[in-house]
Amino acid sequence: MNLAEAFTILFVVAGIFFFVAGTVGLLRFPDTHTRLHALTKADNLGLGLIAFGLAFRMPDVWGVAKLGLVWLLAVLAAATVAQLVARAALDRLPDLDEKGGAR
Amino acid sequence: MTSFLYLAGLILLLTVAASLIRIHIGPTRAERMMSAQLIGTSGVGTVLLLAGAEGNGAMIDVALVLALLAAFAAVAFVKASSPDGAGDPEEDDR
């Protein structure tokens, strides 16, 4: 198991951890905006670490460049979408009871 | 090594299943849209892992298109959800 594979395993495990953390956050957090906060962590960081981990396995530089492109698009999309969804959800918040469920 | 990547892809699919729960529960429409966004991103992650496992560069293009479509779906939701359809973050006269 050479160094490249060790790095791949390390970063992919870190990426998976952030994905699972983001998903658990999406399920467990009290209200819309905290869930959105947890979700964007999973999007940007989880995918970024997985892409970075996989870059060690790519045969040529074009594969690495495409991985970087996918991650860049995902980061930009997630950031923009998080702002838009947060603003869309802002004034339409139903009166939530203390557990965060709609009354 | 490839079995490890397949296992990681499986875990990502479990996160997709978990976000389906949020779609079912989600009180507001925004949460359902967020889970759809997470499903899109987990899909991209899974396709990337499969591309890494088989060393196939073409699948990264699939992941690229999937990431793009997930972004457009969320923007479409925002534009549909604001009353005048503009969904323009700056206009605050709603």
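A note on names: the letters A, B, ... follow the listed sequences, proteins ahead of strands, and every chain is numbered from 1.
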Of all heavy-atom pairs linking A/T32 and B/A30, the shortest is CG2-CB, 4.1 Å
Between atom CE of B/M33 and atom CG of A/L36, what is the distance when rounded to the nearest 0.5 Å? 11.5 Å
Rounded distance (nearest 0.5 Å) linking atom CD1 of B/I11 with atom CZ of A/F19: 12.0 Å
So which atom in B/P27 and which in A/R35 form the shortest heavy-atom distance, rounded to 0.1 Å? CD-NH1, 4.1 Å
Say whether B/I39 and A/V70 are linked into one hydrophobic cluster, either directly or through other cluster members, by side-chain heavy-atom distances under 4.5 angstrom. no
For A/A55, is it the side chain, the backbone, both, or neither that has a heavy atom closer than 4.5 Å to a heavy atom of chain B? neither
I need the B/R22 CZ to A/R28 CZ distance, nearest 0.5 Å. 10.5 Å
What residue in A/V20, A/V13, A/L26 has the most heavy-atom pairs under 4.5 Å with chain B? A/L26
Looking at every non-hydrogen atom in both residues, tell me the closest pair between A/R57 and B/L5 and how far apart they are. NE-CD1, 3.5 Å
Test of understanding: clusters of I, L, V, M, F, W, Y form through side-chain heavy atoms closer than 4.5 Å, transitively. Do A/L39 and A/L49 belong to the same one? no
Below 4.5 Å from any heavy atom of chain A, which atoms of B/A70 appear? Answer side chain, backbone, both or neither. neither
Nearest heavy-atom pair of A/I16 and B/A8: which atoms, and what distance? CD1-O, 3.6 Å
CG-OG distance between A/L27 and B/S19, expressed to the nearest 0.5 angstrom: 8.0 Å
On a heavy-atom basis, the closest approach of B/L48 and A/A51 is CD1-CB, 4.3 Å
Ranked by heavy-atom pairs below 4.5 Å to chain A, first place among B/L66, B/L49, B/I21 goes to B/L49
Toward chain A, the part of B/T2 with a non-hydrogen atom under 4.5 Å: side chain
Tell me whether A/V85 shares a hydrophobic cluster with A/L76, the cluster being built from Ile, Leu, Val, Met, Phe, Trp, Tyr side chains joined at under 4.5 Å. no
Would a hydrophobic clustering, with Ile, Leu, Val, Met, Phe, Trp and Tyr connected at side-chain separations under 4.5 Å, put A/F52 with A/L10? yes
side-chain hydrogen bond (donor to acceptor under 3.5 Å, both in side chains): which pairs involve residues 60-69 of chain A, sequence neighbours left out? A/K66-B/D61
Just give me the residue among A/L69, A/V12, A/I9, A/I50 that pairs up with chain B most often, heavy atom to heavy atom, under 4.5 Å. A/I9
With a 4.5 angstrom heavy-atom cut-off, which part of B/M1 approaches chain A: side chain, backbone, both or neither? side chain
Between CG of A/L47 and OG of B/S42, what distance do you get to the nearest 0.5 Å? 9.0 Å
Please rank B/T41, B/V75, B/V44 by heavy-atom pairs under 4.5 Å with chain A and give me the top one. B/T41
Separation between OG1 of A/T23 and CG of B/L38, rounded to the nearest 0.5 Å: 4.5 Å
In this structure, would A/L45 and A/L67 fall into the same cluster of hydrophobic residues linked by side-chain contacts under 4.5 Å? no
Within 6.0 angstrom of B/F72 CZ, more than 12 heavy atoms from elsewhere: no
All heavy atoms of A/G63 vs all of B/I60, minimum pair found to be O-CD1, 3.9 Å
Residues, nucleotides or ligands: over 12 heavy atoms within 6.0 Å of B/F4 CZ: yes
Going by side-chain hydrogen bond (donor to acceptor under 3.5 Å, both in side chains), name the pairs with one or both residues in residues 68-84 of chain A, residues two or more places apart or in two chains. none
